[in-house]
Amino acid sequence: MDRDPEFEHAASDPEPAAIDVAPAIQSDGASRRDRATSLGLVWHEDPIEADADAVDLVHPDIAVRLRIVPVRIDNGRLVLVMVDPLDVDAADEVGVLTGMPVAREGMEQSLFADLLRQYYGTTASKIADALAGESEESASDLEHNLDSIETGDIHRMAEEPTLVNLVNLLLIEAIQSRTSDVHVEPFEDELKVRYRIDGMLHEQSPPPKHLQAALIGRIKIMSAMNIAERYVPQDGKISLRYEGRKIDIRVSTVPTIYGESVVMRILDKSQLRLDFDSLGMQPNLQERMDVLLHKPHGMVLVTGPTGSGKTTTLNASLKRIFNPSLKIITIEDPVEYELPGVNQIPVNPKRGLTFASGLRSILRQDPDIVLVGEIRDGETADIAIRSALTGHLILSTLHTNDAISSIGRLTDMGVEPFLAASVLEGLMAQRLGRRICEHCREQRDMTDDDIARVTDAECEFLEGKLWQGRGCDKCMNTGFRGRVAFYEIIAMHGPLRRAISREATLSELREALPDTFASMRNDGMDRIKDGTSTIGEVMRATQDVDESLHTP
């Protein structure tokens, strides 16, 4: 879902070359299967077991790099299961490394990923363990005297092949586990690595502390940062090629008392479909959004905290309404989703291209629809409001807790209430919760604790039944896999416009909401009842929503 990064992106800087972290498979699975079977090679359609003795013959980083898993030794031959059994070079390399003749068998890509994960586990941690003993004598000095390490030494250590493999595998594992953010955090006696999966942080096996300078240096080299600068925040970008698809990673570093903390935000575009159904928007809310998106002019705002999915929803909106007869321009920080037929501009404050200055230039490009990534200040708000008044449809985001609070946010920025009342056409707010794993979902009766967490009306609406995830391999035994958004949409009407014009209080604005309005909590209750999410997730995401607005 929406990723909302706060990173600067240099518009005129050259795009970094994509780094291959695993061989790209160019042909599709069906053609690989057909070609393999035509050559008499075995192709596995179902999960299989591997022999531990065979697995131990190949190091984890080699198995991941070559996309192979040795499954058994058959008459002196090492049998390899491969994503692409036609990759003779990979098979030959394994043969040379193991000193054994090899036989090739094929497997569908998703099944192979599960097989690789099952038998090689957290491969990055295994490589880190192998590195742990290499500098034991100097480890203590490195842990507490990071400032004394020369830049040249960091560069040399960061280019060591095993260290390069360690960083690559950290990223591979993050991508495979659907991680949105990788956190590398230095502390006094350890270097922590945590993955954010479905909105929750999961701690990984930590690399040795003495690898801190080299590991962070390697990440900075990959993201084209200044490796010699360790005392100011830096932003960068990594482009990866993994299994034939492009993955963008936004990298941010900040100095802490124990070294630089790094966060890498992963955008795997192939794993996210930009449509309302995939985002979890219910049909009745899609119809309301369609009405707003087809307005000839005005402003539609999507609100919510950082990381709540706002940018993704807006990009899905543009994709939904795009047609060649419309001129659509966006200005974003950064451009996360590349939309065919849409002119997209990344802001670059270092070179004077801000949301405000960019929006002024965009209006001279004769657009029909303009997407402003975020309204952050009064100048941007004023230009956006006046653009909407002059015949443009403006889509943008604000950081507020709910939809109606965006009125107060705009007036705080200096927007005149009568202008806000005349230009606003719709307000949306959203939050993200975890989605129950479809592979292990089961229904159960509500407990006393469940009943205590909801109102009487909500309890009656749920009819005493809930869904939960039992936990399985697909969801890493968490019971959740993926995320779902909870929405609320306000379509402007006469009473609400009049209340805004007379500078009504927040409680008065709530009273002026249309009868059809349903809060995010209401939407969350629908998702609980249909088995998409749980009471705990809805309560966590919508706990600050006024319960009095909920009418199931």
Side-chain angles (χ1 to χ4, degrees), residues 19 21-22 59-65 116-117 120-151 153-177 179-197 200-223 225 227 230 234 236 238 240 242 247 249-266 476:
I19 302 169
V21 294
H59 198 270
D61 60 332
I62 295 172
V64 172
R65 177 171 60 84
L116 185 67
R117 198 154 36 239
Y120 284 107
T122 309
T123 55
S125 69
K126 293 185 178 181
I127 291 181
D129 289 342
L131 285 167
E134 292 185 1
S135 305
E136 288 181 356
E137 293 182 1
S138 60
S140 179
D141 292 337
L142 287 175
E143 289 172 14
H144 301 289
N145 296 282
L146 291 172
D147 290 344
S148 66
I149 304 176
E150 297 293 335
T151 301
D153 293 334
I154 295 176
H155 203 289
R156 176 182 52 78
M157 292 186 292
E159 295 295 344
E160 288 290 333
T162 310
L163 196 284
V164 170
N165 283 339
L166 171 60
V167 175
N168 285 350
L169 290 175
L170 280 173
L171 296 176
I172 288 173
E173 290 175 357
I175 294 165
Q176 291 175 338
S177 59
T179 296
S180 61
D181 303 87
V182 178
H183 296 249
V184 181
E185 303 164 318
F187 294 95
E188 183 176 9
D189 298 314
E190 63 179 338
L191 180 65
K192 286 190 175 183
V193 175
R194 297 194 290 173
Y195 293 168
R196 187 178 295 279
I197 303 172
M200 307 296 287
L201 283 170
H202 299 265
E203 194 162 329
Q204 308 299 305
S205 298
K209 176 69 174 178
H210 73 264
L211 292 179
Q212 176 178 322
L215 190 149
I216 293 175
R218 176 60 189 169
I219 294 172
K220 292 171 73 173
I221 290 171
M222 294 173 70
S223 51
M225 293 183 187
I227 193 173
R230 286 175 266 176
Q234 294 189 66
I238 301 173
L240 300 181
Y242 177 68
I247 295 170
I249 301 176
R250 302 284 169 178
V251 185
S252 171
T253 68
V254 294
T256 72
I257 58 174
Y258 296 117
E260 291 175 284
S261 174
V262 179
V263 175
M264 294 178 281
R265 176 159 287 182
I266 299 173
M476 299 183 293

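Taking 4.5 Å as the limit, some side-chain heavy atom of I175 sits within range of a side-chain heavy atom of L240. Looking at heavy atoms from C-beta onward, M264 lies in side-chain contact with L171 at the 4.5 angstrom threshold. R196 is listed as a side-chain neighbour of H183, based on a closest heavy-atom distance under 4.5 Å. The closest side-chain heavy-atom distance from L211 to R218 is not below 4.5 Å.
Side chain of K209 to backbone of F187: a donor-acceptor contact under 3.5 angstrom is found. Side-chain N or O atoms of Q212 include one that pairs as donor or acceptor with a backbone N or O of Y258 at under 3.5 Å. Although no hydrogens or angles enter the test, the distance criterion places a donor-acceptor pair under 3.5 Å between the side chain of Q204 and the main chain of H202. Looking only at distances, a side-chain donor or acceptor of T253 sits under 3.5 Å from a matching main-chain atom of Q234. With hydrogens and angles ignored, the 3.5 Å screen pairs no side-chain donor or acceptor of S252 with any backbone N or O of V263. In this structure, the side chain of Y195 engages the main chain of L170 through a donor-acceptor pair within 3.5 Å.
With sequence neighbours excluded, the residues satisfying side-chain hydrogen bond (donor to acceptor under 3.5 Å, both in side chains) with S177 are T179. In this structure R194 satisfies the salt bridge (Lys or Arg N to Asp or Glu O under 4.0 Å) test together with E185, sequence neighbours excluded. With sequence neighbours left out, S223 forms a side-chain contact (heavy atoms from CB on, under 4.5 Å) with M225, I238, V251.
P206 approaches L191 most closely through the heavy-atom pair CB-O, 3.2 Å. Residues S261 and P186 come closest through the heavy atom pair CA-CD, 3.7 Å.
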Worked verdict on I249 versus M222 for side chain to side chain contact (heavy atoms under 4.5 Å, CB included): CA-CA 10 Å; I249 301 176; M222 294 173 70; over 6 Å; no
